[in-house]
Amino acid sequence: MDKLKIKGGHQLFGKIYISGAKNAALPLICASLLTKDRVTLTNMPVLSDIRSMNALLEQLGTIIESRDEVVDGNPSKMYTFKTDKLSSLVTPYDYVRKMRASYYVLGPLLAREHYVELSLPGGCAIGARPMDIHLSSLEQMGASIEIKNGYVIAQAPQGLTGAHLIFNIASVGATCNILMAATLAKGTTIIENAAMEPEIGNLANMLNAMGAKISGIGTPILTIEGVNELHGVVHKVIPDRIEAGSYAVAAAITRGQIELMNAQAETLQTPIKILRAMGVRVTENPHSILVDAQGCHLEGKDIMTDYYPGFPTDLQAQFMTLMLTAEGASMITETIFENRFMHVPELMRMGANINVHGHASAIVRGVKKLYGAQVMATDLRASFALVLAGLIAEGETIVNRVYHLDRGYEKIEQKLRGVGADIVRLKDDEE
Ligand code: EPZ
């Protein structure tokens, strides 16, 4: 297992190119299953989660080709997916265990083949994460659902039919899955209280370009008129707003200045508002965001995570680390997942002053200094929070279990080294 060694104390300056969004790319890959035609995705990030999803599709019968490309100045991948015929309708535990987002095959396979077997994902490091909304919605669309030996067996021999669905939670995953399923259902599906994350807009726009009829994109009410078939498309993955937000914090925490190339400021309005309220200068350009914290004296601010356009849970850990360098106290409240403070004990080992109250809130107090240590995290965003702490800590920090970071941050050490960080990747037995 690789680890990262960081020597803290360098201000970061320069440009970082933001990659395509992991959480947009994953459902887009699965949407390719809705047609026999060729689906080409550009601006794809190079990440282990993408490799895992591709492996799952290959197991189902998809032929995948890839080539390198440069999109908006950023080296990335272009993938072509073609699924003439499904050779399997089963997603085994091994895929789901590695990556929960494997459940995005549920909607497309049920819509196209009227049958799917999917190993049910269990809880994970950040919470219980049930799938009840996905499953009950498919039932309302005429599917029969059975849970057997850890698998969901979903079938709709006559095909899915449109339904009026009201989600009790604006779930990102359920919105994507049902959106994909509804494109080929008979009649009209309405999703009320749909999630509004930009990744959903990216998916809905691609589905429309494939021949689907989705309206209400970007609003909490999506209306999908079912069509008989979808066709191929060439579609671009949007830039990763969470990667951009994470590197914005890297600039702020080191009191440096980084231009986040290709980042879309309109998808980061709440985090930008918090950065500005803390005292960071943020300039929104048409194709970049400039984050400048040189000479800034930061003030703590309260944050509460929420559904988009609220503050993203996927930036909570990173902002918590930033608050350690601000004056005064900040209250961080996590409302989306019930177990997303796993970074706190590790930050405490580096000298942080954080008091967690129950599962949902934490008081963070600014400290004079953090100290390098051996740390590890149990999820992707928490791992980035530890990298941020390492960037400002006195001495050397070793972040273990880098595989979490490799799931969602493309070339993390190259990108950080490019703006002046002292960070290297070590193999398990290296010191
Ligand atoms: C997506 O997860 C993202 N994953 C997560 O990214 C992100 O944290 C999350 O949305 C919230 O923004 C991908 O896009 C692959 P949800 P998802 O369904 O879809 C509950 C990262 O670091 N819920 O919106 O699983 C659920 O337990 C990650 O990149 C139900 O109760 O999130 C949670 O409390 C991790 N029943 C809340 O809703 C359901 O059927 C929101 O979950 C579905 C969800």
Side-chain angles (χ1 to χ4, degrees), residues 19-31 45 47-50 52-53 56 96 98-107 118 120-140 145 147 152 165-180 191 193-203 220 237-238 240-246 267-268 270-271 305-318 334-340 342-343 359-360 377-385 404-410:
S19 299
K22 164 181 85 84
N23 289 347
L26 293 170
L28 296 181
I29 295 174
C30 295
L47 297 169
S48 61
D49 268 13
I50 302 296
S52 303
M53 189 61 96
L56 166 57
V96 181
K98 270 201 214 128
M99 191 188 44
R100 293 182 63 81
S102 305
Y103 64 39
Y104 279 139
V105 301
L106 183 61
L118 171 85
L120 254 187
C124 75
I126 60 176
R129 305 182 77 183
M131 280 191 72
D132 53 315
I133 303 170
H134 308 233
L135 300 182
S136 67
S137 302
L138 292 170
E139 275 179 329
Q140 290 173 70
I145 308 267
I147 313 273
V152 180
L165 307 168
I166 302 174
F167 286 180
N168 61 333
I169 295 173
S171 156
V172 172
T175 303
C176 290
N177 239 336
I178 299 309
L179 201 52
M180 292 188 277
I191 308 176
N193 195 25
M196 293 190 289
E197 271 68 4
E199 294 74 25
I200 288 160
N202 200 206
L203 172 65
V237 179
I238 53 171
D240 195 318
R241 64 194 165 97
I242 304 301
E243 190 198 22
S246 303
T267 63
L268 280 162
T270 307
T305 63
D306 206 345
Y307 303 100
Y308 189 84
F311 190 91
T313 172
D314 291 346
L315 286 175
Q316 177 259 108
Q318 301 88 317
E334 171 60 55
T335 71
I336 306 295
F337 292 110
E338 60 275 29
N339 192 23
R340 218 171 189 186
M342 297 300 281
H343 43 285
H359 289 295
T378 42
D379 87 275
L380 167 62
R381 311 302 171 186
S383 298
F384 199 95
H404 286 301
L405 288 161
D406 291 337
R407 296 184 59 180
Y409 290 96
E410 181 174 349

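As the structure lists them, so they are numbered: ligands from 1, and atoms in each ligand from 1.
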Return yes when Ala195 approaches ligand 1 closer than 4.0 angstrom through a heavy atom, no otherwise.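 It does not; every heavy atom stays at 4.0 Å or beyond.
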
For Lys22 and ligand 1, answer yes if some heavy atom of the residue is under 4.0 Å from a ligand atom, otherwise no.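 Under 4.0 Å: yes for Lys22.
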
With heavy-atom distances below 4.5 Å as the criterion, would you say the side chains of Ile242 and Asn23 are in contact?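 A side-chain contact under 4.5 Å is absent here.
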
Pairwise side-chain contact, Leu268 with Leu315, heavy-atom cut-off 4.5 Å (strictly under):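 Counting from C-beta outward, Leu268 and Leu315 do come under 4.5 Å.
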
Which atoms of ligand 1 are found less than 4.0 Å from any heavy atom of [X]?
X	result
His134	40 (O)
Gly173	18 (O), 19 (O)
Tyr103	17 (P), 19 (O), 25 (O)
Met131	40 (O)
Arg129	2 (O), 17 (P), 25 (O), 27 (O)

Using a 4.0 Å heavy-atom threshold (strictly under), name the region of [X] that reaches ligand 1: side chain, backbone, both or neither.
X	answer
Asp132	both
Ile336	both
Ile133	both
Val172	both
Arg340	side chain

Min N/O separation Asn23 to ligand 1 under 3.5 Å: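 Among all N and O atoms of Asn23, at least one is under 3.5 Å from an N or O of ligand 1.
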
I want to know if ligand 1 touches Glu338 in the polar sense, i.e. an N/O pair below 3.5 angstrom.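 Between Glu338 and ligand 1, no N or O pair is found under 3.5 Å apart.
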
With no hydrogens and no angle check, is any side-chain donor or acceptor of Asp240 less than 3.5 Å from a backbone partner on Lys22?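 A pair under 3.5 Å: yes.
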
Check for a donor-acceptor pair, side chain of Asn339 on one end and backbone N or O of Ala125 on the other, with a separation under 3.5 Å.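 Present.
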
Rounded at 0.5 Å granularity, tell me how far [atom1] in [X] sits from [atom2] in [Y].
X	Y	atom1	atom2	value
Leu26	Leu47	CG	CG	8.5 Å
Tyr103	Met131	OH	CE	6.5 Å
Ile336	Asp306	CD1	CG	5.5 Å
Asp314	Arg241	CG	CZ	7.0 Å
Asn177	Leu179	CG	CG	9.5 Å
Glu197	Ile238	CD	CD1	10.5 Å

Would you tell me which option among Asp314, Ile169, Ile200, Asn177 has the nearest heavy-atom contact to atom 6 (O) of ligand 1?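 The nearest heavy atom belongs to Asp314.
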
Minimum-distance protein heavy atom relative to [atom]:
atom	answer
atom 22 (O) of ligand 1	Arg381 NE, 2.9 Å
atom 31 (O) of ligand 1	Pro130 CG, 3.4 Å
atom 32 (O) of ligand 1	Phe337 CZ, 3.9 Å
atom 18 (O) of ligand 1	Ser171 OG, 2.6 Å
atom 11 (C) of ligand 1	Thr313 CG2, 3.8 Å

Thr267 and its side chain to side chain contact (heavy atoms under 4.5 Å, CB included) partner, picked from Pro309, Pro312, Pro198: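 Output: one option passes, namely Pro198.
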
Test Gln316 against every option in Arg381, Arg340, Glu334 by the side-chain hydrogen bond (donor to acceptor under 3.5 Å, both in side chains) rule and name the one that passes.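 That would be Glu334; it is the only one of Arg381, Arg340, Glu334 passing the side-chain hydrogen bond (donor to acceptor under 3.5 Å, both in side chains) with Gln316.
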
